[in-house]
Amino acid sequence: MPWRAPSASSASAGRILLRPMNFHIKLVSISITNGPVFCGVIGAVARHEYTVIGPKVSLVARMITAYPGLVSCDEVTYLRSMLPAYNFKKLPEKMMKNISNPGKMYEYLGHRRCIMFGRRHLARERNKNHPLLDREKELEAFQMAQRECLHQKKGQAVLYEGGKGYGKSQLLAEINFLAQKEGHRVLPLKLKEADFKQCFYAIQTLMAIFFEIDACPAYYRQECLHKQLRGMVEEPLHCLFNDLFFVKFPLSFKVSHMDDLTRQKKVKACFFQVLQEAVRETPLIFLIDEAQYMDAASWEFLETLLSTVPIIMVMTLTSTFTLCGCAQHFLQSSQAVLVPILKLATTSLLRMACWELGVVSIPQELQIYLLHRCFGNPLYCEVLCQDLLSKDVLLFHDLQKEEKNSKWETLSANAMKSTIYGILPAGSEEDQELYICTVKDDVNLDTVLLPPLLKEIAVNQLDQLSLEEQLLVKCAAVIGHSFHIDLLQHLLPGWNKNKLLQVLRALVDIHVLCWFSKSQELPAESILVPSSIKIIEQTKEQKKKKPDADSPLSLQEELSLPQTEMLEFGVPLLREAAWELWPKAQQIALHLECACFLQDLACRCQSCHGGDFVPFHRFAICSAKSCSGISRFYSYKDTGSVLTQVITDKLQLPSPQDSFQFQTKPFRSQEAFTSEHCRTEEEFLDQVNRKLAQTSPEKDMLTTKPCHCEEILQLVLSPLTQHCLVIGETTCAFYYLLEAAAASLDLSDNYMAFFYLRKASSLLGQPSAFSFLKKHKVKICQFEEAIFCCLRSEVCFNMGQITLAKKLARQALRLLKRNFPWTWFGVFFQTFLEKYWHSCSLSQPPNNPSENSKKKLAVLQQRVHCLSLLWQLYNLDNTASSRRFACLATLMQKNSAEEFANEAQDHSVCCIENQLKEAREEAGRQVRRLSQHYRQEIVGLNCCGGRGSRRSGPLSSEN
């Protein structure tokens, strides 16, 4: 630490330290951590101290107390030290004050106490409860090399190449188990990065393991080696192994006259002779993990050994490491086979996650969480699952226990049972208890921080990019796993399109980003930006004219034309690590920008006639907010026919400018269809046939556009909910959660609808047992509460919870100011009212069809939907009472539909009248302006005299 003390004080301090100490030091404890700390002057003005503070400082203080008398370090220091593993010893876990998850701790043993040879065992041990997944082809390559070596008596080498964490060590553990099971002698070796600098180190350790002197005491090592060499190597040559195996055989006359080069050749010849004799008795297999850290002399020795001795070598290589020349020459041998190890398939990765968590099924949101962060990497999946368990964000349920659910809050287990996988634990018995897991309601997986080990890996990858590439990646990380180019351009207003495409091309070339996969690729007609088709057509025309290679259009052709305008991250953990690097204030500001950009796109696609997924949702919300006048996030003004939104600096709900036009089209056609009175069933069927004959099926198939609502749900609604939750706009988040749940139900994805509604439930808070104590965390209107109940009722109906579905549907109707009876007497009375009183109410003229009618349309539409759901629920039972309830639901639905049709027609007429009135007023204003201008011209002409006025007369009359 810097210290600005005077020179005299420094000298006196040095003299004090050099004085002999009068006290005894009984115990010395040293602890080392690695991470950012704050260094500076801290404390009050009267008591300033120059010190360091931070989480790492607190951790190191606790480590000194927890591990007295040791030199201890945390896992980050252990990994960054780049020292061999035998210099460290793992310490037992201990509880530390104010530190919840300190991680793994290690004791530093020092260089003097290190073992003379490398590590005998492999990095991973075989776990019988976790069998190897998706590695059948790799095992087949080893078995083929094994057969060729036994039959042809030739050495064979199999090298597995893959990225870090792809399961290479686990594959070696499986090969070790299979080889020992068949009676082969296996010599396993795990190398470290520091071993690369030691010449002949790998062969020295392998032969020490072969002679079984790597683990024996030092005083017994020479005797053990003498027994192994007796009969195979001459006695005078034993002293050749003194420096190699740290023994002290007497120096013979023959060896004393050899130079260094001759001694090295003689040692290698002795090794060949010993291994040749051993292979005749038992097949021998070398297993070398992390072989890229092997020195050049060892590679050269193994290449000669492979051509002279029938031995099997199995090695693993990391694909990102550059091999030396001897290693590359070894790979070119005809007896060496290089097998790439690919990432795990999606089903295998989810199966591994189930085994790590000890369950038979995981929820869909947890599947997305693991797939977006792991990219098929088994190590990342294992670490993430252990991190979730340590953070206590999962709930476990007994699969075989049948729960009679009568509340919405207890439906998580049943929702999982409806989407269960066929994954059973390895070695499971019939009586074994099976569990499923769910994520806690108040947990947002997108904001769960990465474990320290994985974050360090991702940050190192991010540091390898340029500054511009880092900025683009960090902005894309705020958007989400997949993002659109135009939204990225919106977050980088200082970049032009040419610069953005250049940086994107560089990131795509190094596979940091990749174009959206074909299975998820958007169609040619862009959902987010309607003008993208025109841009593509223009660039195609420019391509025919062969523009210059350096022009912006040619650059856009190379990037955007062959692909869609959607990109996604191609490197695991990079998006999460980049998102965590943003300061909190900037993070919220960027999420707010994304939400403002996406909220105008949160509607149905054009093939579905636009509008909200919950019919007329924004009309009721806007009406409620404008009437209340208490919300500071929602302010709207009425211009007569259309509600327009006042621009503020906060996130607002979408304004219903165009959605009403899209939503009224189907009802107008329905009104035209039902305008004729059909007295009999035959007349109705004839009318249907006439309507069908007016349209050609072939023509409809050609003109109908594909539905893009699923892409809108994935790329707009789901990210919108996350953006709103991050910035703290819970009211907007609740609105878009309802929209996402309705869209999921339209797409027949019942579980995702349940997931969105459960998130909405967590925003509202825990319900109270008494209705008068019921208080939501988020302030919502009565209509949104009714939508919430109606959507939950539909989800419960799809899950088979009929009783709860009926209860929620009745509650939704009650919130919509329409009651549905519980008893048969209530059914009789309500039927009488629906048949006679409702027909009289329809004949009355409407009361001022203005802005309130827009909310009334939304309420009526939800009533029709709830009554239709009740009719389906009561039709499941064939009892007489259920049939009465079903008939009443049908009657009420018919009356509500008629009321909705009349209200929609009156509102359309009112809108047309308002538009005509505005047009008349505008025309009157134009007439008055023109007449005033005409009078001014006449006055000017009258002021002129003589011939000029007479000449101007015809011109003015013509004007």
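- Between the CG atom of Leu501 and the CG atom of Asn496 there is a distance of 9.0 Å, given to the nearest 0.5 Å.
- Between Phe375 and Phe569, the gap from one ring centroid to the other reaches at least 6.0 Å.
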Begin with the C-alpha distance, continue with both residues' side-chain angles, and end with the deciding distance and a verdict on side-chain contact (heavy atoms from CB on, under 4.5 Å) for Leu725 and Leu763.
-> CA-CA 10 Å; Leu725 289 174; Leu763 292 180; 3.7 Å; yes
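- Ring orientation note: the planes of Phe597 and His490 are tilted relative to one another, at an angle of 30° to 60°.
- Separating the NZ atom in Lys343 from the SG atom in Cys381 is a distance of 13.5 Å, to the nearest 0.5 Å.
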Start with the C-alpha distance between Arg792 and Cys789, add both sets of side-chain angles, then the distance that settles side-chain contact (heavy atoms from CB on, under 4.5 Å), and finish with yes or no.
-> CA-CA 5 Å; Arg792 288 188 296 167; Cys789 293; 3.4 Å; yes
Please test Asn750 against Val795 for side-chain contact (heavy atoms from CB on, under 4.5 Å), starting from the C-alpha separation and ending with a verdict.
-> CA-CA 6 Å; Asn750 189 70; Val795 169; 3.9 Å; yes
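- Heavy atoms only, all atoms of each residue included: Val57 and Ile53 are closest at CG2-C, 3.9 Å.
- Within the 4.5 Å cutoff, the side chain of Arg575 has no heavy atoms near those of the His372 side chain.
- A side-chain donor-acceptor contact under 3.5 Å links Gln470 to the backbone of Leu465.
- A donor-acceptor pair under 3.5 Å links the side-chain atoms of Gln489 to the main chain of Trp495, judged by distance alone.
- A salt bridge between Glu365 and Lys759 is absent, with no side-chain N of the basic residue lying under 4.0 Å from a carboxylate O of the acidic one.
- Contact check for Val439 versus Leu394: side-chain heavy atoms found under the 4.5 Å cut-off.
- Contact annotation: the side chain of Phe734 approaches that of Glu784 to within less than 4.5 Å [non-hydrogen atoms, C-beta and beyond].
- Atom NZ of Lys440 has more than 12 neighbouring heavy atoms from other residues, nucleotides or ligands inside a 6.0 Å radius.
- Residues Ser607 and Cys707 come closest through the heavy atom pair OG-CA, 3.4 Å.
- In this structure, Ser718 and Tyr756 have side chains that are in contact, with non-hydrogen atoms separated by less than 4.5 Å.
- Side-chain atoms of Asp612 come within 3.5 Å of backbone N or O of His617 as a donor-acceptor pair.
- Here Ser744 contributes atom OG and Leu791 contributes atom CG; the two are 10.0 Å apart, rounded to the nearest 0.5 Å.
- Side chain of Gln586 to main chain of Pro583: no donor-acceptor pair is present (N/O by atom type, distance under 3.5 Å, no hydrogens or angles).
- Not a single donor-acceptor pair under 3.5 Å links the side chain of Glu382 to the backbone N or O of Glu356.
- Taking CG of Leu715 as the start and CE of Met566 as the end, the distance is 4.5 Å to the nearest 0.5 Å.
- Note: Asp749 CG to Phe755 CZ = 11.0 Å, rounded to the nearest 0.5 Å.
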For residues 442-458, please give each side-chain donor-acceptor pair under 3.5 Å, one per line with the distance, not counting sequence neighbours.
{"residue": "Asn444", "atom": "OD1", "partner": "Asp446", "partner atom": "N", "Å": "3.4"}
{"residue": "Asn444", "atom": "ND2", "partner": "Gln722", "partner atom": "OE1", "Å": "3.1"}
{"residue": "Thr447", "atom": "OG1", "partner": "Asn444", "partner atom": "O", "Å": "3.0"}
{"residue": "Lys455", "atom": "NZ", "partner": "Glu580", "partner atom": "OE1", "Å": "3.4"}
{"residue": "Glu456", "atom": "OE2", "partner": "Arg80", "partner atom": "NE", "Å": "2.8"}

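- Annotation for Ile479 and Leu487: closest pair CG2-CD2, 3.5 Å, computed over non-hydrogen atoms.
- Taking every heavy atom of both residues into account, Leu344 and Pro378 meet most closely at CD1-CG, 3.6 Å.
- Between Cys475 and Trp582 there is a side-chain heavy-atom pair separated by less than 4.5 Å.
- Across every non-hydrogen atom of Tyr369 and Leu388, the tightest pair is CE2-CD1, 3.8 Å.
- The residue from Leu395, Ile362, Val359 that alone fulfils the side chain to side chain contact (heavy atoms under 4.5 Å, CB included) condition with Thr438 is Leu395.
- Across Val614 and Glu739, no two heavy atoms sit closer than the pair N-OE2, 3.3 Å.
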Under the side-chain contact (heavy atoms from CB on, under 4.5 Å) rule, what do Leu573 and Gln461 come out as? Steps first, then yes or no, please.
-> CA-CA 10 Å; Leu573 308 175; Gln461 294 174 349; 5.9 Å; no
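- Contact annotation: the side chain of Leu471 never approaches that of Val503 to less than 4.5 Å [non-hydrogen atoms, C-beta and beyond].
- At least one side-chain heavy atom of Leu357 sits under 4.5 Å from a side-chain heavy atom of Leu366.
- Put simply, CD on Gln599 and CG on Leu717 are 12.0 Å apart, with the number rounded to the nearest 0.5 Å.
- Put simply, the side chain of Arg373 does not reach to within 4.5 Å of the side chain of Tyr380, judged on heavy atoms.
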